[in-house]
J.: 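Here you go, one structure.
Every chain is numbered from 1 and lettered A, B, ... according to where its sequence line falls, protein lines coming before strand lines.
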2 protein chains.
Amino acid sequence: MRVLIVEDDPHIAELLRDGLTEDGYDCDLARSAAEGAELARLFPYSLLLLDVMLPEGIDAGYHLGQQLREEGITALMMYLTARGTVEDRVEGLEAGGDDYLVKPFAFRELRARIRALLRRAGGSAQNALTLPNGWVMDLGGRELHRAGVRVDLTRREFALLELLALHPERAFTRDEIIGRLWSGDACVEPKVIDVYVSTVRRKTEDRLIETLRGTGYRLGRA
Amino acid sequence: MRVLIVEDDPHIAELLRDGLTEDGYDCDLARSAAEGAELARLFPYSLLLLDVMLPEGIDAGYHLGQQLREEGITALMMYLTARGTVEDRVEGLEAGGDDYLVKPFAFRELRARIRALLRRAGGSAQNALTLPNGWVMDLGGRELHRAGVRVDLTRREFALLELLALHPERAFTRDEIIGRLWSGDACVEPKVIDVYVSTVRRKTEDRLIETLRGTGYRLGRA
DNA sequence: GAGATCCTATGCGCGTCCTGATCGTTGAAG
DNA sequence: CTTCAACGATCAGGACGCGCATAGGATCTC
């Protein structure tokens, strides 16, 4: 998750970067609208944190956001400002912003709002798992797609693939898989797993699931 | 769309609830900050309507809002107060509020502001939601159009479709839907959802709502 | 009090799940 | 290299559970 912070006050900028880095985001820093625009065009950020008042002018942050939107940048945008009137907020939101935070703010609030934004943005963030060969698994929407094609999986098929995808390095025995995915009192033959592996392979027409002979299964590589 | 009203004056509270219920929101009522905090932590509201002056103190509404924000509650917040000075407004917005309404107010204004807020939060820039297959949802009029045909939906039907349409990528379980759309004191069987899905499909003669067997429902594709 | 809406209950039909059988593959011993 | 046994892949079929749709009563609205 990559975040661009555009903020000219070095103190606040440090604060933001340290906090967000600690939360696991990859942060870049820009100290002016010009620098911010350049970076935003170069890298695929998930979120832009824009201070409204920048060296280029009192509304430079808004203009930057608006301009980037018009250039087709779809990243989420959040404005930071010291001015909190209603008109101000409306202006920011109409400039293509997704959220708005008034300084001074508690870092906890910023964190909460960022998480809410990323969550709201749909299948992104923690809800999507990328698998080998360009497959993407949307855990929220319970679907699997690649290059526009959508593959419908049943509950069991999906659960199996999800388990393997969440631990890409691990190999699972059939009994382990059953222990994790089936409720405790269920007793099924270990061979059931073979069947689901088979149907997933047939539906995707791909060997997303790798066989470890004599052991079990694992998510495929590359 | 679930709304929590925190207001100690029974007269105003009734007025708000009746009006909003008529507009299709499901409202819960709290008569103190303490009660409001409890409910807000328990249920996934879309909007909190907070009276500023509550039994706990002259600023209790602000404190409640601020506290909930710091706890990571991301619901929209709108304050209601009799005091309309500039300092007051700033205080409210700094307390994590999204909008502000000074009593006495016209219900029309409240309605308009709520719709504007929810619209922005939902990411859509207009008063209408576009759905697959050329359907358009008119959020103000509780109706659905396609190519000149108009389909009337009841309150529940509309709320269900709206929820799914606002999160097109997400799959919802029946219990999730009930948690989001039904007010707290309602306890209904999860199968109710089936009935509404059924009637929406019959009225539209289209599978706007997709079934995920074993999981729940999701907005249909293309 | 009439009509709409909301919720529960009840069969019916179909998809999903699991089993067992058959065929194909792998790898090691002879 | 050949043979053979163990393992994995795939298919067909039956049981079951889930979702669908209707009817009908309770509740709300006007």
J.: Between D/dA9, C/dC18, D/dA21, which nucleotide has the shortest distance from any of its atoms to the side chain of A/T211?
T.: D/dA9
J.: What is the separation between atom CG on A/D152 and atom P on C/dT16, rounded to the nearest whole Å?
T.: 9 Å
J.: For B/T199 and B/T21, find the nucleotide of DNA chain D closest to each by heavy atoms; which residue's nucleotide sits nearer the 5' end?
T.: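 The residue whose closest nucleotide sits nearer the 5' end is B/T199.
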J.: Atom CG of A/L153 to atom P of C/dT16: distance rounded to whole Å?
T.: 11 Å
J.: For D/dG8, take OP1 and OP2 only and decide whether either is under 4.0 Å from a side-chain N or O of A/R174.
T.: yes
J.: Check the distance between C/dC18's P and A/D194's CG and give it to me in whole angstrom.
T.: 13 Å
J.: From CD of A/E189 over to P of D/dT10, roughly how many Å is that when rounded to an integer?
T.: 20 Å
J.: Tell me the closest heavy-atom pair linking B/L219 and B/A165, and the distance in Å.
T.: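 Closest approach of B/L219 to B/A165: CD2-CA, 4.0 Å.
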J.: Can you tell me if B/R201 touches the phosphate of D/dC20, counting only side-chain N or O atoms and a distance under 4.0 Å to OP1 or OP2?
T.: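 Yes, such a contact exists.
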J.: Please state how far atom CD in A/E157 lies from atom C1' in C/dC17, giving the value in whole angstrom units.
T.: 10 Å
J.: Would the number of heavy atoms belonging to other residues, nucleotides or ligands and lying under 6.0 Å from CZ of B/R155 be above 12?
T.: yes
J.: OP1, OP2 of C/dC17 versus side-chain N and O of A/W182: anything below 4.0 Å?
T.: no
J.: Kindly give the heavy-atom pair with the smallest separation between B/A75 and B/Y45, and that separation in Å.
T.: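 Minimum heavy-atom separation between B/A75 and B/Y45: CB-O, 3.4 Å.
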J.: Take atom CG of A/L160 and atom P of D/dA9, then tell me their distance rounded to the nearest Å.
T.: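 One finds 12 Å between P of D/dA9 and CG of A/L160, rounded.
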J.: Measure from the side chain of A/V188, starting at C-beta and using heavy atoms only, and say which of C/dT19, D/dC18, C/dT25 lies closest.
T.: C/dT19
J.: At their closest point, which heavy atom of A/W182 faces which heavy atom of A/V188, and how far apart are they?
T.: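 Taking every non-hydrogen atom into account, NE1-CG1, 3.9 Å.
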J.: Quick one: is A/Y217 getting a side-chain N or O under 4.0 Å of the D/dA9 phosphate, OP1 or OP2?
T.: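 Checking D/dA9 against A/Y217, a side-chain N or O does come within under 4.0 Å of OP1 or OP2.
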J.: What closest approach, in Å, do B/T21 and B/C27 show between heavy atoms, and which atom pair accounts for it?
T.: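 For B/T21 and B/C27, the tightest heavy-atom pair comes out as OG1-SG, 4.0 Å.
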J.: Answer with base, sugar-phosphate or nothing: what part of the nucleic acid does B/V195 contact at a heavy-atom distance below 4.0 Å?
T.: base
J.: Would you mind reading off the distance between B/R155 atom CZ and C/dC6 atom P, rounded to a whole angstrom?
T.: 6 Å
J.: On the nucleotide C/dC18, are OP1 or OP2 found under 4.0 Å from the side-chain N or O atoms that A/R156 carries?
T.: yes
J.: Between B/V192 and B/R213, which is nearer to the 5' end of DNA chain C once each is assigned its nearest nucleotide?
T.: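 Of the two residues, B/V192 wins.
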J.: Specify the separation, in whole Å, of atom CZ of B/R202 and atom P of D/dA23.
T.: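 Computing the B/R202:CZ to D/dA23:P distance gives 10 Å.
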J.: Does B/Y196 put a side-chain nitrogen or oxygen below 4.0 Å from OP1 or OP2 of C/dT8?
T.: no
J.: 5'-most contact on DNA chain D: B/G214 or A/G214, nearest heavy atom basis?
T.: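 Here A/G214 is the residue nearer the 5' end.
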J.: Within less than 4.0 Å of OP1 or OP2 of C/dC17, is there a side-chain N or O belonging to A/T154?
T.: yes
J.: What heavy-atom pair brings B/R2 and B/I178 nearest, and what distance separates the two atoms?
T.: NH1-O, 4.4 Å
J.: Quick check on D/dA21: is either OP1 or OP2 less than 4.0 Å from any side-chain nitrogen or oxygen of B/S198?
T.: yes
